[in-house]
Amino acid sequence: MKEQEIIQPRVLKGFRDSLPAVQIPKEAIITTLQRHFASYGFVPIDTPALEYMEILLGKGGGETDKQIFHFTDQGGREVALRFDLTVPFARYLAQHEHELALPFKRYHIDKVWRGENPQKGRYREFTQCDFDIVGVDNAESDAEILSLMASSFAKMNVDHARFHVAHRGMFNTLLCNLGVENLSVDILRLVDKLRKIGETETEEQLLALVQDERTARAILSYISKEDEHEPFLTTLDRLVTLLGGENEHTLRMRTIYSYLEAEGIEDRFLFDPSITRGLDYYTGIVYETFLEGSEHIGSVCSGGRYNDLASLYTKTHLPGVGSSIGLDRLLAALEDEYDYRAADVLILNTDEDRYTEAIKVAKRLREAGLKVALSFEPKKLASQYKWAEANAIPRAIILDQDEEGSFTLRDLTTRTNMVMSIGEAAALLKRNCLD
RNA sequence: GUGGAAGUAGUUCAAAGGUAGAGCCCCAGAUUGUGGAUCUGGUUGUUGCGGGUUCGAGCCCCGUCUUCCACCCCA
């Protein structure tokens, strides 16, 4: 026997394996979101991971183009992995516009790829949860996306999420008033960094860009907030004054806010005029979501209104608004805050002759809706308890009673035993099982 | 893609060019009346990987991979 050359097991930079302790809560969250999106009348779709290169290029801006994984396939086609779910969705809309009834509300949860340098909460392969409404441009659809964002985080039991909202149109009004709308892309990019580099530095860079002190200060006073927690309407009123009066955009924001009030969720939202979003395709409302205490991870749910996205692929006007939850980033921020278990109960193996009995008990408990694992070998109990703990299984059943249908149920967390019938055990376990 | 820091046992950390160590964890056995205590024994390991300098490298040098941080951008 020759010694075999071992291939070094490894994964690519920015790509990760998921152990069950990570994958179980991740899939639980996905299931929760799928159900929740459906409760708003959103429907699922799917698109290919791989697209023609030309489909994905030429909308996000030069920087995102550089991050696209692309190659030539065996047939000589220039292809690329999707780097978000929104651009493929725009292509999908153009391709199927006659098969879809507008307004179209879809959700899409899947992996995307970007060739960025990885950091915590930033990977080259990650999962996005997108939800969008296409075919209407009004406050009602804007507000429904915001409502769905807030309620999704509530469903995921994340209560420290803060939603920062702004409006591209309002900001562009300011730039027009100041006569610097031709610099809008550069200014937007700079303004986005306010939270990171501070007011002084922002003002200096603004001055270098617009070459006028009065203009630079006007922009800065628009995007700065003295009180970070200033109520939404107070900020909006202040900005309306700075813009010289109401316009269609400010009135849109007021209507959206009134819908949030009607739902009683308005205090979850802040008007944050420094939010602009790097992507060029946003035209109206924009938003980012931060977790208090984990701001360094960045936004865990962002999006906005894009009224011209599908125009790359069709002449039909298809306005849209949507948002995307960054699931991997969210899980990175939550770290160990989530709970998981491989099963609700483990049936211990004390005697090989009783395995048939174990199978019958397992079947009955599974029919009652429980997750049940069986111990395959009659190892000593300490060893079986440890296996259960390693798999986060909180209870064990020992088939040790001679009298019919009665056995020991052990709580592994408190290490206490109770003797009961199978029906009693099923009821007790059912009350304590997750989901 | 650019710049910086780090990488030693499953894990938390030592070893300032001279024989790779400690706690926790894990495994086997004894005893324990179906885990927690105690005792005995054991693996804790290609010091990320590959070269180089040296009598000798975990340590110095070069390259490379990965992670983390900053820039850039973003989920």
Side-chain angles (χ1 to χ4, degrees), chain A residues 3 6-17 19 60-68 82-86 108-131 149 152 161 185 188-190 192-193 195-197 201 275-282 286-291 294 296-304 322-334 346 348-351 375 378-390 396-401 407-419:
Chain A
E3 200 171 318
I6 299 287
I7 299 169
Q8 206 53 236
R10 53 183 188 152
V11 296
L12 289 163
K13 176 183 189 172
F15 289 72
R16 302 167 305 155
D17 287 327
L19 293 173
E63 285 304 319
T64 48
D65 287 358
K66 279 190 239 160
Q67 298 173 353
I68 298 179
R82 62 180 176 219
F83 70 94
D84 70 9
L85 299 174
T86 310
H108 192 180
I109 304 174
D110 219 329
K111 285 180 173 178
V112 302
W113 297 268
R114 294 182 195 174
E116 279 188 298
N117 261 359
Q119 266 176 48
K120 191 162 188 65
R122 165 184 303 214
Y123 312 104
R124 290 187 163 184
E125 177 182 69
F126 58 97
T127 302
Q128 287 197 320
C129 307
D130 270 39
F131 42 100
M149 283 166 63
S152 292
V185 172
L188 282 171
R189 203 155 288 164
L190 185 53
D192 213 24
K193 288 195 278 187
R195 196 174 299 101
K196 206 169 254 180
I197 64 178
E201 180 68 20
I275 297 288
T276 61
R277 313 288 300 132
L279 293 171
D280 299 338
Y281 55 67
Y282 291 114
V286 289
Y287 27 79
E288 297 188 355
T289 308
F290 300 96
L291 299 181
S294 301
H296 61 284
I297 296 278
S299 173
V300 293
C301 178
S302 343
S323 192
S324 179
I325 298 173
L327 202 52
D328 299 277
R329 187 173 274 196
L330 182 63
L331 288 167
L334 264 39
L346 173 70
L348 299 190
N349 192 326
T350 47
D351 180 354
S375 242
K379 289 189 176 172
K380 54 186 200 176
L381 293 184
S383 159
Q384 299 192 49
Y385 290 147
K386 273 178 184 153
W387 185 85
E389 274 176 357
I397 283 174
I398 307 163
L399 300 172
D400 59 345
Q401 302 293 309
F407 49 78
T408 301
L409 178 71
R410 182 173 178 86
D411 186 323
L412 298 179
T413 53
T414 59
R415 300 192 174 187
T416 50
N417 290 356
M418 281 162 38
V419 176

Exercise. For atom P, what is the distance between B:G1 and B:C60, given to the nearest Å?
Worked result: 27 Å
Problem set entry | Donor/acceptor link under 3.5 angstrom from A:E389 side chain onto base of B:G35 | yes
For this session: Taking atom P in both B:G23 and B:U44, compute the distance separating them and give it to the nearest angstrom.
Result: 15 Å
Exercise. Does the side chain of A:R16 reach to within under 4.5 Å of the side chain of A:Y123, using non-hydrogen atoms?
Worked result: yes
For this session: Compare all side-chain heavy atoms of A:N349 with those of A:K379 and state whether any distance is below 4.5 angstrom.
Result: no
Problem set entry | Side chain proximity check, A:M149 to A:T289, heavy atoms < 4.5 angstrom | yes
Can you give me the N/O atom pairs linking the protein to nucleotides 24-27 of chain B at distances under 3.5 Å, or say none if there are none?
none

Problem set entry | A:V11 vs A:T127, nearer the 5' end of RNA chain B by closest nucleotide | A:V11
For this session: Write down the distance separating the C1' atoms in B:U8 and B:G21, rounded off to the nearest Å.
Result: 11 Å
Exercise. Is any side-chain heavy atom of A:I325 less than 4.5 Å from a side-chain heavy atom of A:S152?
Worked result: yes
Problem set entry | Separation of B:C65 C1' from A:L12 CG (nearest whole Å) | 11 Å
Exercise. Of the nucleotides B:G35, B:G1, B:A75, which one has an atom closest to the side chain of A:N117?
Worked result: B:G1
Problem set entry | Touch class at under 4.0 angstrom, heavy-atom based, for A:G303 against every strand present | nothing
Exercise. At under 4.0 Å between heavy atoms, what does A:G115 touch on the DNA or RNA strands: base, sugar-phosphate, or nothing?
Worked result: nothing
Exercise. Which pair of heavy atoms, one from A:I297 and one from A:A333, lies closest together, and at what distance?
Worked result: CG1-CB, 4.0 Å
Exercise. Does the B:C65 base have a donor-acceptor partner in the side chain of A:R10 within less than 3.5 Å?
Worked result: no
Problem set entry | Any side-chain heavy-atom pair of A:Y287 and A:Y282 under 4.5 Å | no
Exercise. Taking the side chain of A:L412 as its heavy atoms from C-beta onward, which of B:C73, B:G35, B:C68 lies nearest to it?
Worked result: B:G35
Exercise. Can you tell me if the side-chain N/O atoms of A:R410 get under 4.0 Å from OP1 or OP2 in B:U34?
Worked result: no
For this session: Please tell me if the side chains of A:V112 and A:F126 come closer than 4.5 Å, counting only heavy atoms from C-beta onward.
Result: yes
Problem set entry | A:R124 vs A:N117 side-chain heavy atoms within contact, under 4.5 Å | yes
Exercise. So, for A:I275 and A:V286, which heavy atoms are closest and what is the spacing to 0.1 Å?
Worked result: O-CG2, 3.8 Å
Exercise. If you take atom types as modelled and just measure distance, does the side chain of A:R122 reach the base of B:C73 with a donor-acceptor pair under 3.5 Å?
Worked result: yes
Problem set entry | Out of B:C68, B:G1, B:A75, whichever nucleotide has its closest atom nearest the side chain of A:R114 | B:A75
Exercise. Which value, in whole Å, describes the distance between the C1' atoms of nucleotides B:G45 and B:G58?
Worked result: 11 Å
For this session: Pick the C1' atom in B:G42 and in B:C55, then give their distance to the nearest Å.
Result: 36 Å
For this session: Measure from CZ on A:R415 to P on B:U32 and round the result to the nearest Å.
Result: 20 Å
For this session: Provide, to the nearest angstrom, the distance between the CG atom belonging to A:L190 and the C1' atom belonging to B:C72.
Result: 14 Å
Exercise. A:K120 NZ to B:C69 P: how many Å, rounded?
Worked result: 7 Å
For this session: For A:I275 and B:A75, give me the distance from atom CD1 to atom C1', rounded to whole Å.
Result: 14 Å
Seminar exercise, completed: From CD of A:Q384 across to P of B:G35 the rounded distance in Å is 12 Å
Problem set entry | Given RNA chain B, 5'-ward residue of the pair A:I197 and A:Y123, judged by closest heavy atom | A:I197
Seminar exercise, completed: Here the distance between atom P of B:C71 and atom CD of A:E201, to the nearest Å, is 11 Å
For this session: Determine the Euclidean distance between corresponding C1' atoms of B:A28 and B:A15; express it in Å to zero decimal places.
Result: 30 Å
For this session: Please report the shortest heavy-atom distance between A:Y385 and A:A396, naming the atom on each side.
Result: CE2-CB, 4.4 Å
For this session: Establish, with yes or no, whether the OP1 or OP2 oxygen of B:C72 is under 4.0 angstrom from a side-chain nitrogen or oxygen of A:K196.
Result: no
For this session: For B:G35 and B:C69, measure between their P atoms and round to the nearest Å.
Result: 44 Å
Exercise. Of the nucleotides B:C74, B:C73, B:U67, which one has an atom closest to the side chain of A:K13?
Worked result: B:U67
Exercise. When Watson-Crick pairs (N1 to N3 and N6-O4 or O6-N4) and G-U wobble pairs (N1-O2 and O6-N3) count only below 3.5 Å on both distances, what is the dot-bracket string of RNA chain B, with | for other-strand pairs?
Worked result: (((((((..((((....[..)))).(((((.......))))).....(((((..]....))))))))))))....
Exercise. Taking the same atom, C1', in B:A9 and in B:C68, what whole-Å distance lies between them?
Worked result: 22 Å
Exercise. Between A:W387 (CH2) and B:G35 (P), how many Å, whole number?
Worked result: 19 Å
Problem set entry | Considering all heavy atoms, the nearest A:L85-A:H108 contact | CD1-O, 3.3 Å
Problem set entry | Smallest separation among heavy atoms of A:F83 and A:R114, with atom names | O-NE, 2.8 Å
Exercise. Taking only N and O in the side chain of A:Q119, is any of them less than 4.0 Å away from OP1 or OP2 of B:U67?
Worked result: no
Problem set entry | Base of B:A75 paired with side chain of A:E116 (donor-acceptor, under 3.5 Å) | yes
